[in-house]
Each structure stands twice: as structure tokens, then as C-alpha cells.
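Working notes for the structure below.
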Amino acid sequence: ENFRGKVVYVDFWASWCGPCRKSLPLYEEMKKEFSSETFEIVAINLDEDRNDAVRFLEKHPVSYTILLDPAGTTASQWQIQAMPTSFLLGADGRIIRSWAGFYPSHMEEIQNEILAALQ
């Protein structure tokens with residue numbers, strides 16, 4: 001509800017996930033490219049031990065919203081099958097696109113999808 005009317009990139013991640021470790025710093029760079037008035041990133045951590053997430057974020061701090069879901073309730077509701085999994089939500093809150101897995105080469109495609117959603 002805090003992000004109503006904004007385009008939101010939702011990312012499910014865990015500190016033990018190799019591709020996740022690569023994606024979070026790249027998402028931090030991406031966050032800086034878009035206005036916080038119209039775009040947000042919400043990263044939902046699925047580590048069972050919150051300290052694992054905290055230690056990772058101490059080494060790789062990010063300025064976007066991090067939520068903790070150690071029980072995996074949200075991941076279950078969103079039917080997450082792979083790590084990481086990301087969703088792009090339009091300003092109306094509907095899913096525009098999803099990505100299972102992460103490759104740095106996806107960043108241009110993700111950014112283009114965000115730009116299209118912002119227009």
C-alpha cells in the first residue's frame with residue numbers, strides 16, 4: 001500500500017543464493033537511475049536466519065526496501081519456484097512481467113521494461 005501508484009520491482013532473494021548476491025548491488029545501481037517518486041524496489045529476503053541477511057547487507061548495503069520472510073509465507077503466496085525470482089508491478093499493482101533466475105545480462109531488459117511501465 002505504501003507504493004500505490006508507483007511501478008515496483010519485487011525481488012525474492014536469499015544470502016546463500018549465488019545469483020542473488022550478484023543481483024542486489026546491480027539493483028542498487030538501477031534504483032539510483034529512476035525517480036523514487038515513481039519507482040521503488042522491494043527485496044524480500046527468504047533466509048531462515050535473519051542474521052545471514054543482515055551480514056550480507058552489511059557488506060553490500062542497499063537503499064531500497066528490504067523485507068524479511070524467514071518462514072517463506074510471502075514466497076509461498078507468490079508461488080516462487082526458483083531463486084531469485086522477480087516481478088515488475090505496474091502502478092496499478094498488477095504483475096507486468098516476471099523473471100525466474102538472474103543473469104547480469106538481464107539488466108538491460110529489466111530496465112527497458114521499467115521504462116515502458118513508467119510511461
Side-chain angles (χ1 to χ4, degrees):
E1 192 169 301
N2 292 343
F3 305 121
R4 192 174 305 258
K6 294 184 180 187
V7 172
V8 181
Y9 188 80
V10 178
D11 181 56
F12 288 87
W13 70 284
S15 64
W16 48 261
C17 165
C20 302
R21 291 173 170 261
K22 293 178 183 174
S23 67
L24 265 66
L26 293 175
Y27 294 156
E28 177 65 13
E29 291 175 25
M30 181 174 74
K31 171 71 172 119
K32 293 174 184 174
E33 293 180 29
F34 296 101
S35 168
S36 61
E37 292 178 18
T38 55
F39 176 73
E40 291 290 341
I41 297 175
V42 177
I44 302 171
N45 176 270
L46 301 175
D47 283 312
E48 291 178 8
D49 181 350
R50 95 180 239 119
N51 291 326
D52 293 338
V54 170
R55 279 191 295 274
F56 177 84
L57 292 169
E58 285 172 349
K59 292 179 185 174
H60 308 282
V62 297
S63 62
Y64 49 85
T65 302
I66 301 287
L67 302 176
L68 302 176
D69 182 17
T73 306
T74 308
S76 180
Q77 292 170 341
W78 286 62
Q79 301 177 1
I80 303 303
Q81 303 288 320
M83 289 295 288
T85 295
S86 302
F87 298 87
L88 180 61
L89 308 180
D92 61 0
R94 294 176 192 241
I95 297 172
I96 295 173
R97 176 89 193 269
S98 65
W99 291 267
F102 176 81
Y103 298 94
S105 59
H106 288 168
M107 288 304 296
E108 184 176 348
E109 177 185 333
I110 292 167
Q111 290 173 318
N112 287 338
E113 292 280 347
I114 291 167
L115 283 170
L118 289 169
Q119 294 178 357

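- For the atom pair CE of M107 and CG of N112, the computed distance is 11.0 Å after rounding to the nearest 0.5 Å.
- The hydrophobic clustering, which links ILVMFWY residues whose side-chain heavy atoms are closer than 4.5 Å, places F34 and Y9 together.
- H60 and P25 get closest at one heavy-atom pair: ND1-CG, 4.5 Å.
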Using side-chain contact (heavy atoms from CB on, under 4.5 Å), reason through V10 and I95 one step at a time and then give a plain yes or no. CA-CA 10 Å; V10 178; I95 297 172; over 6 Å; no
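- The structure places OG1 of T65 at 12.5 Å from CG of D11, a figure rounded to the nearest 0.5 Å.
- Other residues, nucleotides and ligands place more than 12 heavy atoms under 6.0 Å from the CD atom of E33.
- A53 and L68 get closest at one heavy-atom pair: CB-CD2, 4.1 Å.
- When every heavy atom of K6 is checked against every heavy atom of E37, the shortest pair comes out as CE-O, 3.5 Å.
- Side chains of I114 and M30 form a contact here, defined as non-hydrogen atoms less than 4.5 Å apart.
- For W13 and F56, the distance between ring centers is under 6.0 angstrom.
- Atom CD of residue Q81 and atom CZ of residue F12 lie 12.0 Å apart, to the nearest 0.5 angstrom.
- From K59, atom NZ reaches atom OG of S15 across 10.0 Å, with rounding to the nearest 0.5 Å.
- Here the side chain of R21 pairs no donor or acceptor atom with the backbone of W16 at under 3.5 angstrom.
- Partners of P19 under the side-chain contact (heavy atoms from CB on, under 4.5 Å) rule, at least two apart in sequence or in another chain, are C17, P84, F102.
- Residues F87 and V42 are not in side-chain contact: their nearest non-hydrogen atoms beyond the backbone lie 4.5 Å or more apart.
- A salt bridge links R55 to D52: at least one charged side-chain nitrogen sits closer than 4.0 Å to a carboxylate oxygen.
- At least one side-chain heavy atom of I41 sits less than 4.5 Å from a side-chain heavy atom of F39.
- Contact check for L88 versus I110: no side-chain heavy atoms found under the 4.5 Å cut-off.
- Rounding to the nearest 0.5 angstrom, the gap separating the OH atom in Y103 from the CD atom in E109 is 12.5 Å.
- At a threshold of 4.5 Å between side-chain heavy atoms, the hydrophobic network of Ile, Leu, Val, Met, Phe, Trp and Tyr places I66 and V54 in two separate groups.
- In terms of modelled atom types and a separation under 3.5 Å, the side chain of D69 and the main chain of I44 share no donor-acceptor contact.
- Rounding to the nearest 0.5 Å gives a distance of 4.5 Å between OG of S36 and NZ of K31.
- With a 6.0 Å radius and a threshold of 12 heavy atoms from other residues, nucleotides or ligands, E48 has its CD atom at or below the threshold.
- N45 and A14 make their closest contact through ND2-CA, 3.8 Å (heavy atoms, listed as atom of the first residue, atom of the second, distance).
- Hydrophobic cluster membership is shared by L57 and L26, with clusters built from Ile, Leu, Val, Met, Phe, Trp and Tyr side chains linked at under 4.5 angstrom.
- Hydrophobic clustering (ILVMFWY, side-chain heavy atoms < 4.5 Å, transitive): I96 and V8 are in distinct clusters.
- Among all heavy-atom pairs drawn from L89 and G93, the shortest one is CD2-O, 4.1 Å.
- Side-chain contact annotation: Y27 with Y64, donor-acceptor N/O pair under 3.5 Å absent.
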